[in-house]
Amino acid sequence: MAVSEAIPRGHRQVRYFAAIGEDALAWVEGLARDAGLRRVPTPRAASLLLIAGRLPERSWPALRRVHDQMPHPRAVLHWGEGAQPVPDAVALAPAATPAVAMRALQGDLDRGARGSSPDLLPNEPPAPWLGKGPHGQGGEGMMGGTPYGRPMTMRGDELRDGLRLDAHAVTLGPFAPMLPPGLALDLRLQGDVIQRVEVMQPPFRDAMVEAPFAAAIDRPMSAAGLERARAVHHLRCLGRFCALRGAAAPAARAYASAYRATIGGRVDLGSLRRWLWLSGLRPGIAPGLGTLSAAQRGCLSGPALRAAGVPDDLRTRLEPYTGVGFAPIARQAGDVRARIDQWLAEAAQALDLAARLEGLPPTTFAEGLEGPAGALGAPAGGDRGDRPALDLDALLRGLEWGQAVSVLASFSPDALRRMLGAAG
Amino acid sequence: MMGPLTALPLTLCVLFAGMILVGVLDALAWRLLGRVPIDDDDRLTLGGLRAVIRRQSISTERPDLAAWRLAPALYFGLAAAGLALVPVAVAVGRAPVDVEAGIVVWGAVEALTVIAVFLHGWSSNALLPLMGAYRFVAIGLSIMLVSMFVLIGAALPAGSLRLTAIVESQRELWNLVRQPLGLPLFLLLGLAITLRGPLDYADAPDLAGGTSAEDNAQLRLAWQLARAAMLVAFAAMAATVFLGGPLGPVLPGPVWLALKAGLVAAVLVVLGHLLARPDASRMMTFIWVVLLPLSFLDLAIAGLEALR
Amino acid sequence: MTALIALALILLLSGGLMLLLAQVEVGPMPGSEPQKVPFLGGSEPATHAWQRFHLRYYPMTLLFIAFEMEMMFMYPWAVVYAEIGAKALAEMGMFLLILSIGIFYGWREGIFRWQ
Amino acid sequence: MSWADGVFWLLAAVALLTGWRVFRTDSMVRASFLLLASFIAVGAMMLMLGAAYLGFATIFMMAVEMMVMALFMVMFMMNPAGLNPMVMVHQHGLAIVAGLVTFAGLSAFALSLDLPDRPLPGGAEVIAPLGRELLGPSMLVFESAGVTLLATMLCVVILSSRSGRFGPSDLGSVPPAVDPAIEEDP
């Protein structure tokens, strides 16, 4: 059961919207264990904006819009290093725990001791419209002009049933809670079916995921610790997927198991497997959803590749693992279902390996090792440079919105960033 | 017959008491079943109310403001009307509103609830709520049919659509036992109209809160209160039709009804936290191809049993 | 008749109560222009969200209306069923069978999927 | 003028007012649900006439149908949300005349009839006789309604869904040329 402190007297739950930057996803998801903080999916329901990690410059305009969409009184807390996107944000060092600062901030807001942070964008309508048009609503005729500041959607082509209705062009921003942090997609939708996808911004870098593995390349690290880190990564991805599908209890179980794995406690994945079976997660996903075409499979790596039938795992060639008889797990289907099963199976395998590798002295993996989302360093044999970029348009075209979100959530955010060919 | 002067306060008091109980149930489930990084619904708790006072209420650029405010009001009114149908005591005619076609009125409540949720998603003129509203109508309309067959199955032995007669017909055998498929299918409808768990296509996390993505301050609280009220109304209706309502050996009628409704509400809250939400198209196919034939079967069972 | 009045009163009064809660202006001031921009994860919406929304279950809704008519015949049948007995079961069985053919045909033509 | 008459006239006013607003409002969603409000007022009037089942059945059926109508009107009408002014009426002169003539005709017909005056005792069961009628003398109407509904369902499926079990129904067909003079070779 997740460790949770009771809400301290006199404080109500702090509702915050998290704008997650680089290397901060794990931190923010760790906050869920504190009963006094509630992360809400829209800024409309939040009184605090938590900027976690470093935000690249290109995402600052989006952050300003999210900040201005919050109702007054509101405050901003920047938890991490890097430049300040919002002028009067309260800065907090990465090492500090934000719960205390957030409650203090909320208390100040409630008592009025702290002013509400002002708008960052000018107070003008998107397009001047007042006074134009018969009712002064800025439009002409039936579909013309910019009524009330915005044009109306026009008709466009249709993939599936040939009804040429409104092709709604929209960009879903870097801080959409249902997408990996930082991913901005330019979508053309007919209803809720995706006609065309274009990646405006790839997901933010998340070095936290691979930090222990990257460190193992140049200095000795305990193999058991690496395997536990891999299990934590897989369980968190599973928890994120379950939360998006509305299965709150299994998601909480997955995050609780990940937390216990980080503090080295005993983790019982059997109960998690029962919760997942009970929740009906797998039958709810259409079989074959999110299967990559043969040409596209080249860009897969790590668990996603093994779920697509290619049992390619560096650990089969590395010393401590071959000693304890490691054998990679592979599945054939390569769809969303297979990737979820792969996460769960590899998490169990990693925990089992961690137990077996416990006594071994720390080793360095100078020529590279298997990270949670694919091979790291310069492994003997296959080099990593020639991997083709993932064509997201081919993958998501024709899917309804819920299916598209599930396909994106079936890859780990960092693996998705790498597959979209983002540098660095 | 209970006059309007007693029916009105009775229904509203039971409704508010039930909503507080639902708030407690939600908080309990939230603690026991574990918390999730993204959690959205407010509850009838002091914190929820305090969160609203002194909050600014923003609308979107060009919403249909009248419809946006009407949606929670309609949703709450329908919950109150649904609860008013439920017979509180065993004596015939002890329902706040005792009409001859009781389950038809409940059908009208379900149909208008689908409209209330669609209006809530449509009126803010924002994409995420709009997609939530349209997705919900597909599932809401489909699951409503299943609940109609199941309620008719419950009306067969009673020989009347009046809810007090349905309660009377369960004097020696509850409908839960008489038609085993009835309550499970009816619970799915409960999950749909109270926007919980596997059938919550309107306010789902994959649409950042769906129809309530643009709600804030009073509107957000009004919507969540109406959702809790509908859970109270549904739990009372399910307890009446399938668990014998106020019938029970020792305790007085209203206590039995409260216990059974509380049990049904708890089951719904747990299912809401436990079950995953399938893809919308997959669920629509599942309802029409699997659940509807099951409700036909349930009707056949009730029919044959009523002949005995 | 009094029950109907009671029902109408309950519906209107509780609805009005919630309408009052939903529109009482408590907050400091109405939203500024940047506050009113719909939430799309930080992006600027290019057009209004209101559109000729291409819903994908339109054949299902049409079939639903025809099937709904059938429900209306079943309510009176349920009331007199116990009284008439096996004959009523046969009639309704036939009625349901006829309509199940419609649903089976719809399923085979694939209308219960996103079109 | 008892309070029942008062309620009746109130419902009549609501029905007429919302019916009129249906054609004066710009948004299709508002038009659909105003029409629903009008039907609910008519349903309430039927309840006052003692039709306990038909009143609620009207409200129930109309709620579902207006929901589906709203979906289709928004899907196919330009300016669905009424952001620009919408003109919902055409041929004004003819429409007004036709409206007045119809109203006068119906009123005259209704007033000239001597409708039976056999009021039922208050609170009499209404649905059971309807059920007996349905399963007795009107059995033929009941079963033929079933067959008609089946025909409706089949036609709906054939007309509205593009994909069938033999693949898309318009496979190989060419949309008609906009200008009939230009003959497109397939």
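A quick note: this is a predicted structure, and the numbers were derived from the prediction, not measured. Lettering follows sequence order; numbering is per chain, from 1. The figures here come from the full heavy-atom set of this structure, side chains too, leaving out hydrogens, waters and symmetry mates.
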Identify which part of [X] has an atom lying under 4.5 Å from any heavy atom of chain C, answering side chain, backbone, both or neither.
X        : result
B/Pro63  : backbone
B/Leu83  : neither
B/Arg282 : neither
B/Ile103 : both
B/Leu74  : neither

Of B/Val97, B/Thr11, B/Asp98, which is the lone residue that meets side-chain contact (heavy atoms from CB on, under 4.5 Å) with C/Leu7?
->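 The residue from B/Val97, B/Thr11, B/Asp98 that satisfies side-chain contact (heavy atoms from CB on, under 4.5 Å) with C/Leu7 turns out to be B/Val97.
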Against chain B, label [X] side chain, backbone, both or neither, depending on which of its atoms sit under 4.5 Å from a heavy atom there.
X       : answer
C/Tyr81 : side chain
C/Ile10 : both
C/Leu89 : side chain

Which of B/Ala138, B/Ala126, B/Gly303 touches chain C most, by non-hydrogen pairs under 4.5 Å =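 Of the candidates given, the most pairs with chain C belong to B/Ala138.
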Count the heavy-atom pairs under 4.5 Å between each of B/Asn125, B/Val137, B/Ile152 and chain C, then report the option with the highest count.
->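 Most heavy-atom pairs under 4.5 Å with chain C: B/Asn125.
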Ring geometry between C/Phe67 and B/Trp288 (parallel below 30°, tilted from 30 to 60°, perpendicular above 60°) |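 B/Trp288 vs C/Phe67 ring planes: perpendicular.
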Plane angle bin for B/Tyr134 and C/Phe53 - parallel if under 30°, tilted between 30 and 60°, otherwise perpendicular =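 Because their plane-to-plane angle is under 30°, the rings of C/Phe53 and B/Tyr134 count as parallel.
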May I ask you to list the residues in residues 103-115 of chain C that approach chain B closer than 4.5 angstrom, counting heavy atoms only, ordered by number?
->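 Contacts with chain B: C/Ile103, C/Trp107, C/Ile111, C/Phe112, C/Arg113, C/Trp114.
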Backbone N/O of C/Phe39 and side chain of B/Glu214: donor-acceptor pair under 3.5 Å =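 Between the backbone of C/Phe39 and the side chain of B/Glu214 there is a qualifying donor-acceptor contact (under 3.5 Å).
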